[in-house]
Number of protein chains: 2
Amino acid sequence: MSEVQLKDALDALKSTGVRITPQRHAILEYMIHSTAHPTADDIYRALEKTFPNMSVATVYNNLRVFRKAGLVKELTYGDSSSRFDFVTHDHYHMICSDCGKIVDFHYPGLDEVEHLASHVTGFQVDYHRLELYGTCQDCIENPAKAQ
Amino acid sequence: MSEVQLKDALDALKSTGVRITPQRHAILEYMIHSTAHPTADDIYRALEKTFPNMSVATVYNNLRVFRKAGLVKELTYGDSSSRFDFVTHDHYHMICSDCGKIVDFHYPGLDEVEHLASHVTGFQVDYHRLELYGTCQDCIENPAKAQ
DNA sequence: TACACTAATTATAACGATTACAATGTAAGA
DNA sequence: TCTTACATTGTAATCGTTATAATTAGTGTA
């Protein structure tokens with residue numbers, strides 16, 4: 001099933017005139033198979049075995065290409081590096097304020113919020129981002145190393 | 001009315017043992033009166049007339065103090081600097097993808113989402129953050145300088 | 001009010017994520 | 001195969017943010 005996702009993503013890129021390079025293929029594949037929310041550096045380190053000469057700039061460049069194509073979302077937090085998330089179906093993020101763990105969860109229908117906001121602000125709304133912050137069970141049971 | 005907010009904020013700080021310095025007073029005052037969502041540098045530049053010797057580190061330090069005290073929220077985006085928002089009552093942000101403008105809007109009751117997420121993930125939920133992205137009317141009418 | 005204690009501020013250097021740049025390599029259509 | 005524009009690479013630069021050490025200044029107490 002992730003094969004289909006990969007093929008769809010590659011087709012989507014091709015149709016907008018983006019060349020398919022081995023690096024792009026590998027980055028996309030990694031993003032799709034990754035259940036975590038990798039940073040650019042995570043991706044770089046995971047792929048440097050297969051692409052010993054790959055530059056970290058390539059990772060950043062292509063993540064930007066994918067983001068512009070709507071294939072990938074960038075999640076930014078205060079201190080550290082951005083995390084990137086392959087866009088599948090709509091889901092939101094539950095984030096642990098202590099250890100930084102991110103868990104996906106699904107919730108239907110925040111379309112209503114988009115409609116209201118569009119009406120009130122006059123914006124044309126494209127998408128939204130919802131994140132919940134709290135403490136995960138591990139950190140509740142073991143409140144040792146808060147950041 | 002913003003006088004009351006300022007007094008409340010100062011009292012809240014004092015009660016947690018945080019000293020009230022002129023710089024802190026000024027930063028809080030600026031945050032409360034600002035309708036925009038200033039960056040640390042915005043605040044620094046706005047106050048350097050009154051505090052010619054103030055360091056940018058002071059701004060960052062105090063924004064962190066205020067954030068830990070729950071007086072201020074930090075909004076992070078991809079490229080640029082964080083923006084800071086004095087916490088009043090709950091509101092969300094409508095953000096223009098072209099020009100970066102941020103407009104507040106109100107929407108009630110996303111408590112239900114928090115409950116569901118807590119149940120599904122086992123997290124103890126503290127708060128959430130919702131942001132809508134789109135294009136503002138200015139940029140729709142005048143699609144000149146997209147970033 | 002003056003003192004002492006401790007926290008806050010300042011100035012600057014360091015850090016780290018991200019991007020710019022120029023040179024080289026390569027995908028893909030003719 | 002050839003060509004050309006786009007992609008990659010390696011490195012330097014940028015810029016927001018933080019660490020550090022020395023100095024300054026709140027605030028409770030006498």
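Since this is a predicted model, take the numbers as computed values, not measurements.
- If you take CG of A:Leu13 and C1' of C:dA27, they are 14 Å apart, rounded to a whole angstrom.
- Between the CG atom of A:Leu10 and the C1' atom of C:dA27 there is a distance of 14 Å, rounded to whole Å.
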Step-by-step side-chain contact (heavy atoms from CB on, under 4.5 Å) determination, B:Phe123 to A:Leu132: CA-CA 10 Å; B:Phe123 276 55; A:Leu132 285 76; over 6 Å; no

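- A 4.5 Å side-chain heavy-atom check between A:Leu28 and A:Phe86 finds at least one atom pair inside the cut-off.
- Annotation: the terminal axes of the helix from C:dT1-D:dA30 to C:dA30-D:dT1 meet at 40°, where each axis is the rotation carrying the C1' atoms of four end pairs onto the next four (5 pairs per end, rounded to 10°).
- Across the protein-nucleic acid pair, A:Leu75 atom CG and C:dT18 atom C1' stand 17 Å apart, rounded to whole Å.
- Straight-line distance from the CZ atom of A:Arg67 to the C1' atom of C:dT18: 12 Å, rounded to whole Å.
- The main-chain N or O of B:Met31 is never found under 3.5 Å from a side-chain atom of B:Ser34 such that the two would form a donor-acceptor pair.
- Between A:Gln23 and C:dT26, a side-chain N or O to OP1/OP2 separation shorter than 4.0 Å is absent.
- Contact check, A:Ser82 against C:dA17: no side-chain N or O comes under 4.0 Å of OP1 or OP2.
- For the pair B:Thr39 (side chain) and B:Ser82 (backbone), a donor-acceptor distance under 3.5 Å is absent.
- Rounded to a whole Å, the CZ atom of A:Phe51 is 18 Å from the P atom of C:dG25.
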Contact state string [nucleotides 21-30 of chain D, B base, S sugar-phosphate only, - no protein heavy atom under 4.0 Å]: -----BS---

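- Remark: side-chain polar atoms of B:Arg24 are not paired, donor with acceptor, to backbone N or O of B:Asn62 under 3.5 angstrom.
- The interatomic distance linking B:Arg64 (CZ) with C:dA8 (P) rounds to 11 Å, in whole Å.
- Ring geometry for B:Tyr127 versus A:Tyr133: interplanar angle under 30°, hence parallel rather than tilted (30 to 60°).
- Applying the side-chain hydrogen bond (donor to acceptor under 3.5 Å, both in side chains) test between A:Tyr92 and each of A:Glu131, A:Arg129, A:His128 identifies A:His128 as the sole match.
- By the 4.5 Å heavy-atom criterion applied to side chains, A:Met94 and B:Val125 are counted as neighbours.
- Counting only distance, with no hydrogens or angles, the side chain of B:Asp8 and the backbone of B:Gln5 share no donor-acceptor pair below 3.5 Å.
- A donor-acceptor pair under 3.5 Å is formed between the side chain of A:Thr76 and the backbone N or O of B:Thr76.
- Projected onto DNA chain C by closest heavy-atom contact, A:Ala40 and B:Thr58 fall at different nucleotides, the more 5' of which corresponds to B:Thr58.
- Note on A:Asp41: nothing from the nucleic acid sits closer than 4.0 angstrom, heavy atoms only.
- The interatomic distance linking B:Phe66 (CZ) with C:dA8 (C1') rounds to 12 Å, in whole Å.
- The side chain of B:Arg24 places an N or O atom within less than 4.0 Å of a non-bridging phosphate oxygen (OP1 or OP2) of C:dT9.
- Applying the 4.0 Å criterion to OP1 and OP2 of C:dT9, one finds that B:Asn62 has a side-chain N or O inside that range.
- You'll find the side chain of A:Leu63 reaches within 4.5 Å of the side chain of A:Ile43, heavy atoms only.
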Would you tabulate the pairs of protein nitrogen or oxygen atoms and nucleotide nitrogen or oxygen atoms of nucleotides 10-13 of chain D closer than 3.5 angstrom?
{"unit_1": "D:dG10", "atom_1": "OP2", "unit_2": "A:Asn53", "atom_2": "O", "d": "2.7"}
{"unit_1": "D:dG10", "atom_1": "N7", "unit_2": "A:Ser55", "atom_2": "OG", "d": "3.1"}

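- At whole-Å resolution of the value, OH in B:Tyr44 and P in D:dT18 are 16 Å apart.
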Test side-chain contact (heavy atoms from CB on, under 4.5 Å) applied to A:Leu13 and A:Phe66, step by step: CA-CA 8 Å; A:Leu13 283 176; A:Phe66 300 157; 3.6 Å; yes

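- Between D:dT9, D:dT17, C:dT9, one nucleotide has an atom nearer to the side chain of B:Tyr60 than all others, and that is D:dT17.
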